[in-house]
Amino acid sequence: MASFFLKTISLANLLVVLSCSASLLSHDEECSALFEFKQTMFYQDYDYGLHKLDSWRILIKTNTSENGSGSDCCLWDGVECSNEWHVIGLDVGKSSLSGVINSSSTLFKLVHLQMLNLSMNFFESQIPSEIAWLKQLRSLDLSYSLFNGQIPNEISYLIQLSTLDLSGNPLKLQSHGLEYLLQNMTRLEILRLSGVELSSSVPCFLANFSSLSSIELIDCQLQDEFPSAMFHLPKLKHLLLRDNSNLTGSLPEFHNNSLLQYLDVSSTGFTGIISESIGNLNHLEALALDKCHFSGPIPGSLLNLTQLTYLTISKNEFTGLVPSFASLSKLTVLVLGYNSFDIGREYNWINKLSKLRTLYLDHMNIQDEILPYLANLTKLNAVSMRRNFIFGCIPTSFLNLTQLTAIDLQGNQLQGQISRSFLNFKSLEYLAVAYNNFSGTVGIESFTGLKKLEYLTLDGNKLSFITTNNYTNDTQQELRYLGLSSCNLKEFPAFLQLQTKMEYLLLNDNEIEGLIPNWVWNNSLKTLRMLALTDNFISGFHEHPHFLPWISLEVFDMSYNQLQGQLLIPPETIVIYVVSNNNFTGDIPPSICELKSLQELEGAVKASTGFNLTCDRFERRRGAVKVPVGFNLE
Ligand SMILES: *[C@@H]1O[C@H](CO)[C@@H](O)[C@H](O)[C@H]1NC(C)=O
Ligand SMILES: *[C@@H]1O[C@H](CO)[C@@H](O)[C@H](O)[C@H]1NC(C)=O
Ligand SMILES: *[C@@H]1O[C@H](CO)[C@@H](O)[C@H](O)[C@H]1NC(C)=O
Ligand SMILES: *[C@@H]1O[C@H](CO)[C@@H](O)[C@H](O)[C@H]1NC(C)=O
Ligand SMILES: *[C@@H]1O[C@H](CO)[C@@H](O)[C@H](O)[C@H]1NC(C)=O
Ligand SMILES: *[C@@H]1O[C@H](CO)[C@@H](O)[C@H](O)[C@H]1NC(C)=O
Ligand SMILES: *[C@@H]1O[C@H](CO)[C@@H](O)[C@H](O)[C@H]1NC(C)=O
Ligand SMILES: *[C@@H]1O[C@H](CO)[C@@H](O)[C@H](O)[C@H]1NC(C)=O
Ligand SMILES: *[C@@H]1O[C@H](CO)[C@@H](O)[C@H](O)[C@H]1NC(C)=O
Ligand SMILES: *[C@@H]1O[C@H](CO)[C@@H](O)[C@H](O)[C@H]1NC(C)=O
Ligand SMILES: *[C@@H]1O[C@H](CO)[C@@H](O)[C@H](O)[C@H]1NC(C)=O
Ligand SMILES: *[C@@H]1O[C@H](CO)[C@@H](O)[C@H](O)[C@H]1NC(C)=O
């Protein structure tokens with residue numbers, strides 16, 4: 001403690017000394033200081049940014065103008081001077097600058113600076129404590145410039161600040177926490193520290209900083225309870241607290257004089273119900289409450305917030321009926337899924353939301369046809385309604401929404417043929433229609449020309465996937481995820497030969513028989529993470545390999561086939577390895593036990609004689625293979 005005080009005192013003295021001497025800098029000396037700063041800088045990438053420093057040139061002084069401005073830095077790009085010819089503003093944001101800013105940087109001689117913007121550059125420096133010499137600063141923006149290390153305590157001396165933006169830098173806050181840093185910055189209007197590792201609670205006194213209008217503390221490792229009084233800050237417009245899982249709190253009773261426009265507490269520990277008083281937030285444009293622990297019904301007053309363009313409340317414990325959101329006609333994003341809503345049969349209000357771009361209604365007990373109501377939503381870009389009870393066919397009006405890039409309807413009761421349905425969706429990247437009642441035949445030519453398609457699941461319908469050799473490689477997409485389980489396959493689809501970047505391949509529960517072709521064995525060697533071939537009639541491999549060839553493989557399930565011979569050794573990346581119910585013989589190679597990532601091993605070895613294996617750490621059970629949610633809409 002003693003040393004801390006000493007440090008404070010000596011720094012205070014230092015500040016007096018330096019600001020006295022520094023304030024004696026003449027205008028020309030300030031220009032020189034700027035020029036010296038320029039000389040320590042270089043451009044990281046000349047193709048990017050504004051290169052403001054190009055205009056910073058010292059002229060040869062044969063022609064000093066009468067007011068002494070000589071080589072006048074006041075005319076340089078990004079430099080602002082006062083009437084007394086002091087440099088008071090420096091804006092070199094987004095200038096692609098790189099270089100070291102250390103304690104001897106001449107920037108810190110510019111003690112009249114009121115505004116300093118170094119944002120969006122590439123400094124890769126620490127923030128020198130000399131920043132505190134710039135006592136006049138009202139606006140300090142160091143965001144997204146690769147500043148690292150600790151935030152110097154001395155920043156707390158900048159008590160004139162109305163804007164403090166350190167966001168997007170790999171910075172940490174010293175042990176004193178936010179309380180120390182901000183305690184005297186009573187004039188703050190804009191506080192942005194998103195992405196900075198604060199590991200701090202939010203100090204209650206901020207509720208008294210009545211000028212605050214924007215608070216952005218996304219992903220800051222905030223802790224403890226958020227002071228509820230802060231919601232009532234009279235000028236508050238933006239409150240963004242997303243991604244602070246250890247921050248608790250609840251929404252207050254809102255007053256009708258609130259100016260709040262953006263409220264985002266998603267992925268925090270916020271709990272409780274949403275009071276009807278939320279209807280008082282007349283200016284609210286974005287409300288993000290997803291991935292918290294909110295409960296209770298959606299208050300009817302929410303439907304009065306007609307300015308809303310963005311509403312996300314998924315992954316909470318909301319209950320009751322989903323109301324009609326028809327009044328919120330400005331919505332572009334609506335995300336409601338994964339709550340505990342009652343069964344809902346009335347979703348025709350969706351046709352009123354013609355500005356929607358994103359609509360996620362997963363797992364929320366929808367028992368309606370719903371797809372016909374999307375006909376009007378011509379701006380819709382992504383729709384996900386997985387795991388509901390949606391029925392009917394895919395209407396032709398839906399097939400008109402060819403601007404869609406992502407469609408997830410898996411786990412519903414849709415029926416009918418889909419053979420050529422999606423051919424016009426030229427932008428489609430993600431199509432998941434698995435686990436419905438679709439029927440008829442489908443083949444890779446059903447997706448010809450969808451060059452952006454990366455994710456396709458057709459599993460678990462009544463479809464027959466036709467494996468002709470009738471594919472052409474000029475129209476082939478590069479799939480990353482393909483699910484064709486229960487698709488009546490008799491052989492490996494030949495078009496897989498052209499797929500070299502697969503990550504997930506699911507062909508369970510088909511009738512594939514015989515040997516695995518070499519081209520499957522040598523496919524996507526670097527990228528494949530999951531291969532599932534359970535419940536087929538596969539009898540072996542063309543050669544007799546000892547190792548599985550995929551170097552990134554995490555999940556391998558080939559149970560319930562007719563494989564023979566020696567067990568194959570998976571790569572070190574393997575997590576789940578299931579080969580039971582085959583006809584393997586011999587010992588389990590002990591090296592399997594040494595695979596560090598392996599969590600689940602199931603390899604019942606029937607004819608094994610010298611069984612000598614103690615891999616006790618594995619549960620020997622038939623685990624249903626969990627489909628990783630790699631490329632997922634949520
Ligand atoms: C500060 O950085 C400059 C290079 O930009 C270097 O020449 C100087 O020695 C450094 N000063 C200190 C105190 O590290
Ligand atoms: C001095 O400045 C004036 C006006 O800007 C200009 O016309 C003149 O050529 C300059 N003289 C020299 C020597 O640069
Ligand atoms: C001082 O010189 C600058 C640059 O030559 C000029 O723009 C400005 O008008 C001058 N100011 C006065 C007060 O003469
Ligand atoms: C804040 O101000 C108080 C009262 O002026 C002072 O005692 C304290 O040292 C200041 N704290 C910081 C961090 O500047
Ligand atoms: C949350 O708190 C727990 C327990 O104190 C800690 O282990 C964890 O790292 C914290 N997580 C974050 C994101 O701060
Ligand atoms: C919606 O606003 C109207 C007019 O301001 C008001 O009369 C009504 O009670 C509000 N509805 C709800 C559910 O709050
Ligand atoms: C499309 O929107 C218009 C106007 O909002 C509405 O009258 C019409 O019924 C909608 N069409 C469908 C198919 O929902
Ligand atoms: C599909 O779009 C076309 C042209 O935009 C339109 O004429 C047709 O009526 C639409 N079909 C359906 C079923 O909505
Ligand atoms: C193969 O492609 C040709 C031309 O696209 C088509 O006429 C033919 O029906 C296709 N054959 C099969 C078996 O799909
Ligand atoms: C695609 O087809 C052309 C000619 O039809 C062939 O030369 C080329 O190797 C094929 N590409 C792949 C990846 O099979
Ligand atoms: C396993 O091998 C035995 C003996 O070779 C054979 O009788 C049996 O049918 C095989 N079982 C399977 C499932 O292939
Ligand atoms: C099992 O392995 C251990 C260690 O490798 C060895 O000492 C032991 O003899 C083996 N037992 C049998 C039955 O092979």
Side-chain angles (χ1 to χ4, degrees), residues 1-2 4-16 18-19 33-44 53 97-109 118 121-135 137 140 146-161 164 170-188 193-203 205-206 208-209 217-226 241-249 265-270 291-293:
M1 202 53 181
F4 165 63
F5 274 116
L6 278 177
K7 198 174 165 204
T8 319
I9 290 163
S10 61
L11 184 85
N13 290 341
L14 199 65
L15 282 174
V16 173
L18 279 158
S19 53
L34 275 175
F35 194 73
E36 279 182 58
F37 168 72
K38 172 181 172 166
Q39 287 174 314
T40 63
M41 291 292 128
F42 49 93
Y43 290 124
Q44 170 88 4
L53 271 51
L97 294 179
S98 177
V100 178
I101 298 181
N102 60 20
S103 56
S104 34
S105 171
T106 51
L107 268 189
F108 303 121
K109 292 184 178 172
L118 301 176
N121 288 294
F122 304 87
F123 293 118
E124 297 187 48
S125 304
Q126 307 212 339
I127 301 176
S129 53
E130 285 72 10
I131 192 91
W133 296 355
L134 310 180
K135 280 192 308 181
L137 276 181
L140 176 61
L146 298 178
F147 284 104
N148 56 48
Q150 303 281 344
I151 297 176
N153 283 331
E154 288 79 1
I155 284 194
S156 61
Y157 293 108
L158 300 175
I159 61 174
Q160 311 271 2
L161 283 180
L164 175 61
L171 286 164
K172 288 185 180 183
L173 186 61
Q174 302 213 341
S175 47
H176 299 302
L178 268 186
E179 184 156 350
Y180 182 86
L181 185 74
L182 303 178
Q183 58 181 314
N184 290 343
M185 294 187 195
T186 53
R187 299 175 195 182
L188 271 183
L193 300 173
S194 293
V196 174
E197 193 181 319
L198 298 176
S199 304
S200 167
S201 48
V202 179
F205 59 72
L206 284 181
N208 300 329
F209 285 15
L217 300 171
I218 296 167
D219 188 16
C220 288
Q221 302 192 16
L222 292 174
Q223 304 158 355
D224 307 323
E225 180 150 0
F226 182 77
L241 302 170
R242 188 171 70 233
D243 293 330
N244 285 291
S245 54
N246 285 349
L247 181 69
T248 60
V265 299
S266 53
S267 298
T268 64
F270 268 62
K291 298 182 206 143
C292 295
H293 306 286

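What's counted below: heavy atoms across the whole structure, side chains too, no hydrogens, waters or symmetry copies. Indexing begins at 1, ligand by ligand and atom by atom, following the structure's order. Bear in mind that the values here come from a model prediction, so they are computed numbers and not experimental data.
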Open item on the list: Show me which atoms of ligand 4 lie under 4.0 Å from any heavy atom of Q183.
Closed with: 11 (N), 12 (C), 13 (C)
Task: Exercise: identify the closest heavy-atom pair between L118 and I101 - done: CD1-CD1, 3.9 Å
Open item on the list: Using a plain distance cutoff, I'd like to know if Y180 has any nitrogen or oxygen under 3.5 Å from a nitrogen or oxygen of ligand 4.
Closed with: no
Task: Atom of S267, atom of C292 and distance for their closest heavy-atom approach - done: N-SG, 4.0 Å
- [ ] Taking only heavy atoms of S156 into account, list the atoms of ligand 4 that are under 4.0 Å away from them.
- [x] 13 (C), 14 (O)
- [ ] Determine the interplanar angle of the W133 and F108 rings, folded into 0 to 90°, and report it as parallel if under 30°, tilted if 30 to 60°, perpendicular if over 60°.
- [x] perpendicular
Open item on the list: Is there a side chain to side chain contact (heavy atoms under 4.5 Å, CB included) between V202 and L241? Walk through the geometry before answering.
Closed with: CA-CA 11 Å; V202 179; L241 302 170; 5.6 Å; no
Task: Subset of ligand 4 atoms that lie under 4.0 Å from at least one heavy atom of N184 - done: 1 (C), 2 (O), 3 (C), 8 (C), 10 (C), 11 (N), 12 (C), 14 (O)
Task: Atoms of ligand 5 close to S245 [distance to a heavy atom under 4.0 angstrom, numbered from 1] - done: 13 (C)
Task: Spatial distance of atom CG (L206) from atom CD (E179) [nearest 0.5 Å] - done: 9.5 Å
Open item on the list: When you measure from the side chain of D224 to the backbone of S201, do you find a donor-acceptor pair of N or O atoms at a distance under 3.5 Å?
Closed with: no
Open item on the list: Test side chain to side chain contact (heavy atoms under 4.5 Å, CB included) on L173 and Q221; report intermediate values, then the result.
Closed with: CA-CA 11 Å; L173 186 61; Q221 302 192 16; over 6 Å; no
Task: Atom pair CD (Q150) and CD1 (I127), whose distance is rounded to the nearest 0.5 Å - done: 10.5 Å
Are there any N/O pairs under 3.5 Å between ligand 1 and the protein, and if so, what are their distances?
| unit_1 | atom_1 | unit_2 | atom_2 | d |
| --- | --- | --- | --- | --- |
| ligand 1 | 2 (O) | N102 | ND2 | 2.3 |
| ligand 1 | 11 (N) | N102 | ND2 | 2.9 |
| ligand 1 | 11 (N) | S104 | OG | 2.9 |
| ligand 1 | 14 (O) | N102 | ND2 | 3.2 |

